[in-house]
Amino acid sequence: MKIIFSLFMLISLSFASDATIEVIKKVDSLPSLAVEDASVSYNDTYKMQFFKSLIADLNVISLFNVDRHYRTASYDDSSVVVENKDMNYVLRYSMIKGDNGALSVVLKLINADKEVFSKSYKVSNDKLFMFVSHAIAYDVNEFMGEPSVEWMKRKVIFSRIVAPQKSEIVIADYTLAYQHVIISGGFNVFPKWANRAQNSFYYTSLDGLTPTLKHVDVAKSKVTSVLSSDGMMICSDVSDDGKTLLLTMAKDGQPDIYTYNTTTQKYKRETFYGGIDVNAQFMNRDTIVFISSRLGYPNVFSKKLNTNQIEQRVYYGRSNSACSAHGEYIVYKSRETSNAFSDNTFNLHLISTKTDFIRRLTAVGVNEFPRFSRDGDAIIFIKNYKSQSSIGIIRLNHNKNYLFPLKYGKLQSMDW
Amino acid sequence: MRSLVLLSVATALLVFSGCSSKEPVVDTNAQEVQAPVVQEVEVVETEVVSVDDSMVDAQSNAMSMSDIENQLPAIYFAFDKFDVDAKMQEKISAAAAMGKGEASSYSVKLEGNCDEWGSDEYNFALGLKRADAVKKALVAEGIDASRVSMVSYGESNPVCSDKTQECWSKNRRVNFKLLP
């Protein structure tokens, strides 16, 4: 009995940090947090916008039971407002209107009537308030000593279909609260950040005779054509150093995966299967995962670059048509129903290449375009459900999904 | 550091400027509305067409490119499939006959399309394989492969957006687009 018990303990412990195993709901055990607005500047609408954004961000860091009541206080009051006196933490902030539309925010975190953390923020334009709210959530998370949520501060780039053969490329924050249309007019799809700094990106233009990959340098406002291919031309992934691109091209109508060296400007064909090979993603520097129809249906495979070693990675699901990888983890989209005549459900699943566990990450609708954050802490994806397009964030270690709806149009693809 | 990041976001979005008219329009944030300056426009140039020139040869049956294009069929496919069935093969044969006849001076771009189930690369590839299947069938009917180019629009070019079976099947198609 003792041996069985210790064996059981050993197995439980060895899987303790496996993200494919679900975390049991621990909402009740989370500390409570209330937010108090001490702003003097700005009107009520603006104050409420900022408050909502901050509440959403504090929810996403998944460390607190966040109280959603809007309460006001005076910034220098030594005690919290009476309704918040039972809260474990109180976050009090004040927004100050600066010159030329700038916004400054000061804040303090109060725990047991003591100020435990304080910081101030400034943006040049008060329309960018959501970036302040993301930065606050990021800092509170750091203060609590949790793994970094660096991805919260990154920008999302997406393409939105506004009419048949008409699309826009938009740069946004991860909640889609801030949106800036950077390319409009024409039919442009599959935007992909070209580097870590997010100051340039690639996209596919479908306006000309052949699909063309273009590169945009945002700072220099320069658009250059990179490569064209008959039929299909997509930049699926960019290596960490930005020097190698994984492309899907279709020379002679045959979709295959190519690597492209941005320094030498030469490409190399990586797959040679006569069916469909698409959606290559770096797993690490030398290995890629991709979607192939070589079993007669789309599924996830991996290939070691510079060798011919190809390996099937997923053994569950009859139609797995998109994937992303981070270290040992692979997230993939799987068709759960196979019906030409009614609504279909596509869910995201997470597997680890080291264990046999499969974790279903979504429940309803068409969930696609999964992309890991750079640190692997979160997955961003597109959800289309009941004519509504949203961007979703999955916090893997907290077992929570957050959805941020798009106001109009349909999300085609995105990157962050 | 933080304000630097935010500032760089703002700057990046500010500095983008426009391109030539054929390029996609790149938006710039700096909007200065200027009052239009009233200018006198030049005299409109006119051209007089002589009676002889204005006579159109009524005997000529030559159809315009768009007329021919309208007569070319759309080729439909089954769910998740890219093989051409017998009924669609007949349509392709008819299109090939036009390609050798009245459309013989044009090239054709085959546009592959899919239904709304997925916007990922696989769906684009499916649209392309559909276009490729039609191209192979055209070549087999004697059309020169160099006259045929292909593009896939995935699910982004629907002709119908209802949530019905008929609608989805209309979107799983290949269109012929003539090029001079």
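Just the heavy atoms: all of them, side chains too, but no hydrogens, waters or symmetry mates, feed the values below. Throughout, protein chains are lettered first and strands after them, A, B, ... in sequence-line order, and every chain is numbered starting at 1. Since the model is a prediction, treat every value here as computed from it, not as a measurement.
- Of the two parts of A:Asp252, only the backbone, made up of N, CA, C and O, holds a non-hydrogen atom closer than 4.5 Å to a non-hydrogen atom of chain B.
- Heavy atoms of B:Ala131 lying under 4.5 Å from chain A are absent altogether.
- Smallest separation of non-hydrogen atoms from B:Asp132 and A:Gly253: OD2-O, 3.6 Å.
- Atom OG of residue A:Ser321 and atom CG of residue B:Asp80 lie 8.5 Å apart, to the nearest 0.5 angstrom.
- Among B:Val151, B:Leu179, B:Leu128, the residue with the largest count of heavy-atom pairs under 4.5 Å with chain A is B:Leu128.
- Counting heavy-atom pairs under 4.5 Å between each of B:Lys177, B:Lys109, B:Lys129, B:Glu111 and chain A puts B:Lys129 at the top.
- Of the inter-residue distances, the one linking A:Asp230 atom CG with B:Ser152 atom OG reads 11.5 Å to the nearest 0.5 angstrom.
- Side-chain contact check for A:Ser236 and B:Glu121: at least one donor-acceptor pair (N or O, by modelled atom type) lies under 3.5 Å.
- A 6.0 Å sphere centred on CG of A:Asn100 holds no more than 12 heavy atoms belonging to other residues, nucleotides or ligands.
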Report task. Could you check B:Met150 against A:Met232 for side chain to side chain contact (heavy atoms under 4.5 Å, CB included), going step by step and ending with a plain yes or no? Result -> CA-CA 8 Å; B:Met150 291 176 289; A:Met232 233 179 133; over 6 Å; no
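- Atoms CG and CZ, from B:Asp120 and A:Phe190 in turn, are 7.5 Å apart once rounded to the nearest 0.5 Å.
- Within a 6.0 Å radius of NZ in B:Lys100, more than 12 heavy atoms belonging to other residues, nucleotides or ligands are found.
- Using a 4.5 Å cut-off between heavy atoms, A:Ile169 does not touch chain B at all.
- By the 4.5 Å heavy-atom criterion applied to side chains, A:Ile276 and B:Tyr122 are counted as neighbours.
- Neither the backbone nor the side chain of A:Asn199 comes within contact range of chain B, judged by heavy atoms closer than 4.5 Å.
- The aromatic rings of B:Tyr153 and A:Phe187 are tilted relative to each other, their planes meeting at an angle between 30° and 60°.
- Taking chain B as the reference chain and counting heavy-atom pairs below 4.5 Å, the highest number among A:Ser319, A:Gly208, A:Ser229, A:Gly231 is found for A:Gly231.
- Each of B:Pro158, B:Ser161, B:Ser156 was checked for a side-chain contact (heavy atoms from CB on, under 4.5 Å) with A:Pro164, and the lone residue meeting it is B:Pro158.
- For the atom pair CD (B:Glu155) and CD (A:Gln412), the distance works out to 6.0 Å, reported to the nearest 0.5 Å.
- Of the two parts of A:Leu206, the backbone and the side chain both hold a non-hydrogen atom closer than 4.5 Å to a non-hydrogen atom of chain B.
- More than 12 heavy atoms of other shown residues, nucleotides or ligands fall within 6.0 angstrom of atom NZ in A:Lys251.
- Between chain B and the residues A:Asp277, A:Ile291, A:Asn279, A:Ile161, the largest count of heavy-atom pairs under 4.5 Å involves A:Asn279.
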